[in-house]
Amino acid sequence: MKKTYKIDVDCANCASKMEAAANKTAGVKEATVNFMALKMTVEFEDGAEPKEVMKAVAKNCKKVEDDCEIFF
């Protein structure tokens, strides 16, 4: 399953850090961040619960970029 989320991030480098953190999160098959559109697209592993995975993604992203936001 693939879903797209609105994000709030200040710079392209920060967006890249968010993408890397999201891709390291359990339950995420692939995550891509489009800085210009301020969107994150996440493809989930089979059987993963999107809301729970996104909570973990948000937590991991906050570790690398504390002023980022993901709206889910």
Side-chain angles (χ1 to χ4, degrees):
M1 173 190 309
K2 217 180 234 193
K3 290 192 170 198
T4 301
Y5 300 92
K6 184 176 176 357
I7 61 171
D8 184 22
V9 64
D10 296 331
C11 67
N13 187 44
C14 301
S16 178
K17 289 180 185 177
M18 284 180 70
E19 181 175 289
N23 276 302
K24 292 178 183 174
T25 305
V28 174
K29 189 172 187 177
E30 182 182 17
T32 55
V33 173
N34 183 326
F35 173 66
M36 295 302 288
L38 291 177
K39 294 190 186 286
M40 175 186 283
T41 302
V42 180
E43 184 175 354
F44 299 96
E45 296 282 350
D46 292 339
E49 178 58 46
K51 279 191 176 185
E52 294 304 313
V53 172
M54 288 309 296
K55 286 179 187 176
V57 168
K59 185 177 177 182
N60 289 342
C61 287
K62 287 280 189 185
K63 288 179 186 175
V64 296
E65 190 52 48
D66 63 346
D67 65 346
C68 69
E69 291 290 332
I70 303 172
F71 303 98
F72 56 95

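Since the model is a prediction, treat every value here as computed from it, not as a measurement. Just the heavy atoms: all of them, side chains too, but no hydrogens, waters or symmetry mates, feed the values below.
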Worksheet item: Are the side chain of T25 and the backbone N or O of A21 linked by a donor-acceptor pair below 3.5 Å?
Response: yes

Discussion item. Could you report the tightest heavy-atom contact between E19 and A31, atom names first, then the distance?
Written reply: CG-O, 3.4 Å

Discussion item. Ignoring hydrogens, what is the shortest heavy-atom contact between I70 and C61? Give both atom names and the distance.
Written reply: CD1-SG, 4.1 Å

Worksheet entry | Inter-residue atom distance K17.NZ - C11.SG, 0.5 Å rounding | 7.0 Å

Fill in: Minimal non-hydrogen separation, I7 against K39, with atom names
CG1-N, 3.7 Å

In residues 41-54, what donor-acceptor pairs under 3.5 Å come from side-chain atoms, sequence neighbours left out?
residue : atom : partner : partner atom : Å
T41     : OG1  : T4      : OG1          : 3.4
E52     : OE2  : K55     : NZ           : 3.4

Fill in: Salt-bridge contact K62-E69 (side-chain N to carboxylate O under 4.0 Å)
yes

Discussion item. If I take atom CG from residue N23 and atom OG1 from residue T32, how far apart are they, to the nearest 0.5 angstrom?
Written reply: 8.0 Å

Worksheet item: Same cluster for V28 and V64 if Ile/Leu/Val/Met/Phe/Trp/Tyr side chains link at under 4.5 Å?
Response: no

Worksheet entry | Gap between atom CZ of F35 and atom CG of D10 - 0.5 Å precision | 7.5 Å

Discussion item. Nearest 0.5 angstrom please: N60 CG to K24 NZ, how far?
Written reply: 9.5 Å

